[in-house]
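Working notes, structure below.
Letters A, B, ... are given to chains in the order of the sequence lines, protein chains preceding strands, and every chain is numbered from 1.
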There are 2 protein chains.
Amino acid sequence: MSNAFTDRLSGYAPLSDADVALLADACRNVRDVPAGHHMIREGDSPDPVFVMLDGWACGYKMLPDGGRQILAFMLPGDFCDIHIAVLKEMDHSIVTITPAKVATLPRKQMEALVEAKSNITHAFWWSQLVDQGVLRAWIVSMGRRTAEERIAHLMCELYIRMRNIGLATHDQCELPLTQLVLADAVGLTPVHVNRVLKGLRLNKVMELSSGALKIIDPVRLAEIAGFDGNYLHSRLIKVA
Amino acid sequence: MSNAFTDRLSGYAPLSDADVALLADACRNVRDVPAGHHMIREGDSPDPVFVMLDGWACGYKMLPDGGRQILAFMLPGDFCDIHIAVLKEMDHSIVTITPAKVATLPRKQMEALVEAKSNITHAFWWSQLVDQGVLRAWIVSMGRRTAEERIAHLMCELYIRMRNIGLATHDQCELPLTQLVLADAVGLTPVHVNRVLKGLRLNKVMELSSGALKIIDPVRLAEIAGFDGNYLHSRLIKVA
DNA sequence: CGGAGCATTGAGCCACCTCAAGTACTGTGG
DNA sequence: CCACAGTACTTGAGGTGGCTCAATGCTCCG
C-alpha cells in the first residue's frame with residue numbers, strides 16, 4: 001500500500017499502517033502525464049493538490065523579457081504545491097520534465113487529512129520545512145556562489161535527494177536535465193553551464209551526460225559546492 | 001489584546017476574539033533585545049519559537065569564505081522561524097537589525113495551539129505559504145534580475161510589507177538597512193549597491209537615506225522591478 | 001576631537017554574457 | 001537504409017556588469 005509519497009512522509013513523522021493506508025488511498029487517483037506537460041500555470045486558481053509518484057517536474061517563473069527561472073525540482077514523493085487552495089492564484093507554473101505519474105488529491109481530502117490526523121499534519125508540516133530549507137539553499141547559491149560552486153551544489157542536492165528515495169547508486173543517479181534546464185535553475189547561460197560542466201569533467205570531479213550524473217570524486221565535489229546536506233534532513237536512508 | 005502577530009494571522013484565517021486572545025496570551029512572554037542580538041545561531045537546536053512584535057530582524061547564512069547571504073527580513077508580526085523544534089539543528093542564524101520586541105512561545109504551547117484550533121493551524125499554514133512565496137521571489141531576483149532590478153524589487157517588497165502592517169505612508173517608510181546589509185540581501189557588493197542607489201536617486205525614482213525609504217516615482221519603480229505584489233497576499237490593507 | 005562605522009567615488013579587472021558557428025545525436029518519413 | 005529536421009551540445013571571440021582594491025569624506029558618539 002505504500003508509495004513514494006507515503007515513504008517520504010513517513011520519514012517525517014511516525015505514521016501507523018492505517019495512516020499510510022489513508023494517505024495511499026488519497027493518492028488513488030493517478031494520472032500518467034508526458035514530459036513537458038503543464039500541471040499548473042501561473043494565474044491558475046489551484047484546486048487539487050498534486051503529488052509526484054514517478055518522474056521529474058519543476059516549478060518556474062517566467063520573466064517579462066522571456067527569461068525563465070526555475071524555483072524547485074520535484075522528485076517522486078514530493079508535493080508539487082501544498083497550497084491547499086489557500087492562494088487565490090498561483091504565482092508560478094509547474095511542468096513535468098520527464099513522463100510522470102502524478103496523483104491528484106482533491107483539496108477537500110487534503111483538509112480532511114489535516115483535520116483528522118495530527119501526525120499526518122505533522123508530516124506535512126515537516127515536509128514544508130524541508131522544502132523551505134531547499135529554497136533557502138538556492139538563495140545562498142544564487143547570491144554568493146560562483147557558477148562552478150552553484151552547479152556543484154545543485155548536483156549534490158539532487159544526488160542526495162535521489163539517494164534518499166532509493167534512486168541512486170553509490171556514485172551515480174539519473175538526472176534527466178538538459179543544460180538549458182540546468183541553466184534556468186542556477187541562473188546562468190546554457191553556454192556557460194556547458195563550459196563549467198566541461199571543467200568538472202576534465203578535472204575528474206563529475207560527469208553529466210545522457211541523462212545521468214556520475215560522481216567521480218565525491219569529496220572534491222562537496223568541497224567545491226561547500227555542501228552541507230543537513231538541510232535536506234535525510235534521516236531515513238532507505239535503499240529500495 | 002491584539003498585537004502585530006495576531007493582526008498578521010487574522011489576515012490569513014478568520015480568527016474569533018477568543019482565538020486572538022489565545023494567541024496574544026501565547027505571546028505574553030516578551031523580551032526587549034538590542035540591535036545586533038542573535039536570537040538563533042546556526043547549529044543551535046531550536047527550542048522556543050520567536051515572533052517579532054516590534055523592530056526588524058533578518059535570517060542569514062555564512063559562507064566558508066566569510067561571505068554572508070541574507071535569506072529573509074522579519075518585520076513586526078512575522079514568525080522568525082516556525083520550526084516547532086522539528087529540526088535537529090538550525091541551518092541558519094537570525095539576528096536583530098534594530099532594537100526589537102520579541103515574543104518567545106514555548107514549543108509545547110505552539111503545538112497545543114495547532115492541535116486545539118484548526119483555524120489557527122490554518123493561519124499558521126498560510127503564513128508559511130506566504131513566506132515561501134517571498135523566498136521564491138528572491139530566487140527569481142537573484143537568478144534573473146540585474147542589480148538595479150533586484151534592489152528595486154526588494155524595495156517594493158519591503159515597502160508593501162510595511163504598508164500591510166500600517167507602518168508606511170503613501171510614499172515612504174522606515175527602512176533601517178545599511179548598504180552593507182542590503183548588499184548581503186541582494187547578493188551584490190556594498191560598493192555596487194551604493195552606485196545603484198545613486199542611479200535611482202539621480203533618476204528620481206526613489207531615495208534611501210538615514211534609515212528611510214522614499215518612493216518618488218512608484219510606477220517607474222515597480223516597472224524597473226517587474227514587481228507583482230500578488231505573492232505577498234496583502235489582502236488586509238489595514239492602516240493603523 | 002579622535003575613532004569607528006558607513007557612504008561615496010575612481011580605476012582596473014574578471015566571471016559570465018552575447019553572438020555566432022559548427023557538431024553530435026535521435027527520431028521520422030521516404 | 002538514408003536524407004532531414006529538430007534538438008541538444010560544443011567551442012570561439014569579444015563585450016560588460018558587477019567585483020576588487022583603495023582612498024576619501026561624512027556622521028555620530030564617547
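A donor-acceptor contact closer than 3.5 angstrom is absent between the side chains of A:Trp56 and A:Glu174.
Each of B:Leu213, B:Ile216, B:Asp171, B:Asp217 was scored for a side-chain contact (heavy atoms from CB on, under 4.5 Å) with B:Met206, with one residue passing: B:Leu213.
In the helix from C:dC1-D:dG30 to C:dG30-D:dC1, the end axes, each obtained as the rotation axis mapping the C1' atoms of four pairs onto the next four within a five-pair block, lie 30° apart to the nearest 10 degrees.
Using a 4.5 Å cut-off on side-chain heavy atoms (C-beta onward), A:Tyr231 and A:Glu157 make contact. Proximity of A:Phe227 to A:Ile160: side-chain heavy atoms (C-beta onward) are separated by under 4.5 Å at one or more points. Counting only heavy atoms from C-beta outward, the side chains of B:Phe73 and B:Leu175 never approach each other to under 4.5 Å. The side-chain heavy atoms of A:Leu105 and A:Phe50, taken from C-beta on, include no pair separated by under 4.5 Å. Using a 4.5 Å heavy-atom threshold, the side chains of A:Met62 and A:Ser93 count as separate.
Backbone-only engagement by B:Arg201 is indicated by non-hydrogen atom pairs under 4.0 Å involving sugar-phosphate atoms exclusively. Counting non-hydrogen atoms under 4.0 angstrom, A:Thr146 reaches the backbone sugars and phosphates but no base. Among the heavy atoms of the strands, none lies under 4.0 Å from B:Leu197. Within 4.0 Å of A:Gly187, counting heavy atoms only, lie sugar-phosphate atoms of the nucleic acid but no base atom.
Rounded to whole Å, atom P of D:dA8 lies 12 Å from atom CD1 of A:Ile97. If you take CZ of B:Arg195 and C1' of D:dG17, they are 11 Å apart, rounded to a whole angstrom. Atom CG of B:Asp184 and atom C1' of D:dG18 are 16 Å apart (whole Å). For the pair B:Leu188 CG and D:dC19 C1', the interatomic distance rounds to 10 Å; values are reported in whole Å. Following rounding to the nearest Å, B:Ile151 (CD1) and D:dG17 (C1') show an atom-to-atom distance of 13 Å. A:Leu202 places its CG atom 13 Å from the C1' atom of D:dT11, with the value rounded to the nearest Å. Put simply, CG on A:Leu182 is 12 Å from P on D:dT10, counting in whole angstrom units. Look at CG on B:Asn194: it is 18 Å from P on D:dA23, rounded to the nearest Å.
Here the CG atom belonging to B:Leu158 is positioned 4.5 Å from the CG atom belonging to B:Leu154, to the nearest 0.5 angstrom.
The number of heavy-atom neighbours closer than 6.0 Å to CD of B:Glu207, taken from other residues, nucleotides and ligands shown, is above 12.
The phosphate of D:dT7 (OP1 or OP2) has no side-chain N or O of A:Gln179 nearer than 4.0 angstrom.
Here the range on DNA chain C touched by chain B, meaning any atom under 4.0 Å from one of its heavy atoms, is C:dA7 to C:dA11.
Each of A:Arg150 and A:Val191 was assigned the nucleotide of DNA chain C with the nearest heavy atom; the assignment lying further toward the 5' end belongs to A:Arg150.
Ion pairing between B:Asp65 and A:Arg144 fails under the 4.0 Å rule for side-chain N and carboxylate O.
Taking every side-chain heavy atom of A:Thr178 into account, D:dC9 is the closest of D:dG12, D:dC9, D:dG18.
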